[in-house]
Amino acid sequence: MDAFASRNKQSGVSLIEVMIAMVLGLFLLGSVVQFFIASSQSNRVHDATSRLQETGRMALEIMARDIRMADFWGCASDIINVVNNLNSGGVGYIDFSNGGVNGTEGGSGAPDTLTLRGGFGTGLNVEPPFGPQASANLQVAAGNDLAQGDILLVSDCTNGDIFQSSNANPGGTGTMVHNTGTVTEPGNYNATNPGCPGANAHCLSKVYGSDASVFSVQEITYSVGTGSEGDPALFRNGVEFLDGVEDLQVLYGEDSDAPGSAGEGIPNYYVDADQVADMERVVSLRIAVVARSRRDNLVPTGNQSYSVFGNSVTAQDKRIRRVYESTVNIRNRQ
């Protein structure tokens, strides 16, 4: 009887209690799921933003360095004092007569391109023997970083010559040979320089002495295109440089003041490439890089709007975009 009475006092969980517990559990589970989704989305946005900052800052830093060095021609100071001895009929010929700064306007929201030319690095002093003009050799200190095929600039404070090193070991020996021929491309050929007529036109415009220095010289073109993974990228001389860069815009700061005036060396206005009156009078550049996230669906509501040099742009997807702008002086034109 006692056992029977004890069993009668025991009671189970009713259906209503089970349903209430399930509803409370669903509310709790929903809160946890919502918190997880929000946390994951926040983490994705934070990661994308960090990558955008890294991309934008690196793009501005590298481009600014090249802009500052543009139009450097050693002690010759101006490209009009420099003779280009590269073979104009060779593959990879660079026309340095266009000066140190050039570019194209993309128009209609398309990316611009920017081209920079000039010498860079630390100059190597020319060492004896000097000349004669018919010699195809220039001597600098051995153990340098020069290599066959390098395009080089030799200049003093009067003139300069651009040529390509054609010998196999200019770094180890310190001897730079600028022969004609097809060992390197574009190679050397300038029949207008005296002393080396006809097919042997390897002469430079003058004999350089101990007051001359040798620099590496380059042409760098920045552009935006489709990268190897299908996303937009910044290209440097046709080689993918930074992925995630969707747009590049460039404004040219032109100095319209007369030479010798108080305002010389200071830009009077900034315009697009196709509105520049004289590229040789451009003394600074404003560059804007638009970096975008690789992932879509990161902008919660509406399409993102942003501004590039005061021009409003509305994105056509849910990716995050950031605009990075900088003004850089061309130090060799100040």
Side-chain angles (χ1 to χ4, degrees), residues 69-102 115-140 144 146-167 170 174-221 278-282 330 332-333:
M69 287 303 298
D71 216 31
F72 172 66
W73 307 108
C75 196
S77 74
D78 198 308
I79 188 61
I80 63 173
N81 301 320
V82 179
V83 176
N84 188 357
N85 298 286
L86 299 179
N87 181 11
S88 59
V91 177
Y93 170 76
I94 301 174
D95 185 4
F96 289 99
S97 64
N98 289 327
V101 178
N102 218 311
T115 299
L116 307 166
R117 307 180 189 90
F120 66 97
T122 303
L124 299 169
N125 293 331
V126 175
E127 298 183 350
F130 307 125
Q133 192 171 6
S135 172
N137 295 355
L138 271 178
Q139 190 69 37
V140 295
N144 54 69
L146 301 180
Q148 184 181 44
D150 284 353
I151 298 177
L152 304 171
L153 163 72
V154 55
S155 71
D156 54 24
C157 293
T158 305
N159 300 96
D161 276 86
I162 294 173
F163 63 94
Q164 188 171 34
S165 179
S166 60
N167 58 314
T175 300
M176 296 165 294
V177 180
H178 45 89
N179 276 327
T180 58
T182 58
V183 175
T184 58
E185 291 285 355
N188 303 289
Y189 186 85
N190 188 356
T192 64
N193 283 336
C196 303
N200 197 33
H202 63 256
C203 281
L204 303 182
S205 63
K206 63 180 290 185
V207 175
Y208 289 92
S210 59
D211 60 339
S213 299
V214 175
F215 301 87
S216 295
V217 66
Q218 63 187 351
E219 178 183 70
I220 301 171
T221 297
D278 184 2
M279 278 291 179
E280 292 297 319
R281 300 290 294 172
V282 172
I330 306 171
N332 299 295
R333 292 185 173 183

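- Here the shortest heavy-atom pairing between H178 and H202 reads ND1-O, 2.8 Å.
- Using a cut-off of 4.0 Å between Lys/Arg side-chain N and Asp/Glu carboxylate O, D156 and K206 are scored as salt-bridged.
- Taking each heavy atom of Q164 and E185 in turn, the nearest pair found is NE2-O, 2.9 Å.
- D150 contributes atom CG, which lies 10.0 Å from atom OG1 of T184 (distance to the nearest 0.5 angstrom).
- No side-chain donor from either of N137 and S135 sits under 3.5 Å from a side-chain acceptor of the other.
- Across G100 and A70, no two heavy atoms sit closer than the pair O-CB, 3.7 Å.
- Side-chain atoms of L153 and D161, non-hydrogen and from C-beta on, never get closer than 4.5 Å to each other.
- Rounding to the nearest 0.5 angstrom, the gap separating the CG atom in L152 from the CG atom in L138 is 9.0 Å.
- V126 and V214 get closest at one heavy-atom pair: CG2-CG2, 3.9 Å.
- Listed here is the closest heavy atom pair of N85 and N190: OD1-ND2, 2.9 Å.
- Inter-residue side-chain proximity for M176 and Q139 is flagged as unmet; no heavy-atom pair is nearer than 4.5 Å.
- Taking all atoms of both residues into account, the shortest heavy-atom contact from C203 to Q133 is SG-O, 3.1 Å.
- Side-chain contact between S166 and Q148: absent, with no pair of heavy atoms (C-beta onward) separated by less than 4.5 Å.
- Looking at I330 and V101, their side chains come closer than 4.5 Å, going by heavy atoms from C-beta outward.
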